[in-house]
2 protein chains.
Amino acid sequence: MSEMGDTVDPLSLENQVCFALAVASRSVIGLYRPVLEPMGLTHPQYLVMLALWESAPLSVKDLSGLLQLDPATLSPLLKRLEAAGFVERRRVSTDERSLAVTLTDTGRALRAEAEKIPATIVERLGMDVAELQDLHKALTRVIAAATR
Amino acid sequence: MSEMGDTVDPLSLENQVCFALAVASRSVIGLYRPVLEPMGLTHPQYLVMLALWESAPLSVKDLSGLLQLDPATLSPLLKRLEAAGFVERRRVSTDERSLAVTLTDTGRALRAEAEKIPATIVERLGMDVAELQDLHKALTRVIAAATR
DNA sequence: ACGGAGTAGTTAGTACACTAATTGTTAGTG
DNA sequence: CACTAACAATTAGTGTACTAACTACTCCGT
């Protein structure tokens with residue numbers, strides 16, 4: 001008893017989860033832009049700072065694992081963070097291959113600024129915190145499935 | 001009666017929805033890469049092709065609206081699609097400002113190849129279709145909230 | 001002690017993605 | 001009709017993001 005209305009085009013743009021993911025990611029990051037820009041950070045740089053505020057020092061490899069980003073992406077990003085004065089890069093004396101990324105005083109101080117950000121974003125999104133938590137759970141499952 | 005375990009750090013990396021979104025988006029797009037690469041497409045190019053298969057011709061402005069991408073991003077992308085032979089770009093005679101992007105025979109033929117992709121990806125993800133539909137709905141709500 | 005395998009980061013090259021400025025075209029108003 | 005505001009697309013410039021190739025260092029086994 002299938003009718004016309006039941007048939008779905010698997011190639012239609014609006015049915016693509018990958019498309020929804022890409023647009024949602026770009027849109028939400030766009031919400032951060034006006035908040036981060038006055039602080040002198042891009043969104044990926046903000047994520048690096050979050051990681052460092054949580055547990056500095058970290059090596060490029062550590063950050064790569066935490067943020068799921070290629071070392072080749074992080075390398076120039078970290079140089080820009082260093083140029084901005086938020087971070088220091090120093091080779092580890094016990095293993096000269098490894099790079100210890102640490103926070104400067106300025107970088108540490110920036111955390112106080114950043115503390116307002118999550119609430120600001122949630123407010124601008126205007127969504128229930130519960131709904132966001134559900135979404136976060138769903139995204140975590142997708143990440144697990146995709147990186148398996 | 002709040003305990004230590006109840007307190008959440010709003011700046012911890014793992015609590016960030018924006019981070020989960022970014023990683024999920026990159027991870028899922030990464031799943032498409034080995035499938036699209038032999039077809040000669042990147043993921044954004046694939047999305048443009050989806051839009052065109054659905055309703056060519058489209059102007060840059062149309063595509064910009066549909067894909068939520070800046071015209072400045074699409075302009076070079078479309079040139080690459082033209083160079084690859086999938087697409088043609090021609091000014092509209094009734095309005096010389098507008099660019100009509102149409103499919104070539106090769107571009108149209110590519111659709112048959114692409115028809116296998118959604119099933120392949122869902123299979124590689126190994127997630128329930130129902131769960132993906134729920135996620136899609138949640139993402140649509142976020143997009144609506146973020147682009148309001 | 002040393003030579004090769006493996007590891008950590010960087011560099012090169014391609015392709016998005018955004019903002020701001022530019023070019024060319026159309027349309028609206030005095 | 002002229003002229004200006006609005007519009008469509010492109011270009012320039014910065015910053016991700018990926019793969020592949022490369023450098024420098026460590027570790028392991030003989």
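Salt bridge present: Glu88(B) and Arg90(B) bring a charged side-chain N and a carboxylate O closer than 4.0 Å.
Where DNA chain C meets chain A (any atom under 4.0 Å from a heavy atom), the bounding nucleotides read 5' to 3' are dG6(C) to dC18(C).
Put simply, the side chain of Arg111(A) never gets that close to the backbone of Arg108(A): no donor and acceptor are under 3.5 Å apart.
Judged by distance alone, the side chains of Asp95(A) and Ser98(A) never bring a donor and an acceptor atom under 3.5 Å apart.
Between Tyr32(B) and His43(B), the ring planes are perpendicular. Angles over 60° get that label, and only those under 30° would be called parallel.
Leu110(B) has its side chain out of reach of Thr106(B): every pair of non-hydrogen atoms, C-beta onward, lies at least 4.5 Å apart.
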> Nucleotide by nucleotide, 5' to 3', does protein get under 4.0 Å of the base (B), only the sugar-phosphate (S), or neither (-) in nucleotides 15-25 of chain D, counting heavy atoms?
Replying inline: SBBBBB----B
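The CG atom of Leu99(B) sits 9 Å away from the C1' atom of dA8(D) (whole-angstrom rounding). Here dT14(D) presents its P atom at 17 Å from NZ of Lys79(A), a figure rounded to the nearest Å. Per the geometry, CG belonging to Leu78(B) stands 7 Å off P belonging to dT10(D), to the nearest Å.
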>> The test is side chain to side chain donor-acceptor pair (under 3.5 Å); show your working for Ser59(B) and Asp62(B) and say whether it passes.
In response: CA-CA 5 Å; Ser59(B) 69; Asp62(B) 294 334; 3.1 Å; yes
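Hydrophobic clustering (ILVMFWY, side-chain heavy atoms < 4.5 Å, transitive): Leu13(B) and Val129(A) are in one cluster. Phe19(B) and Val23(A) fall within the same hydrophobic cluster, where Ile, Leu, Val, Met, Phe, Trp and Tyr residues are linked whenever their side-chain heavy atoms come under 4.5 Å apart, directly or through other members.
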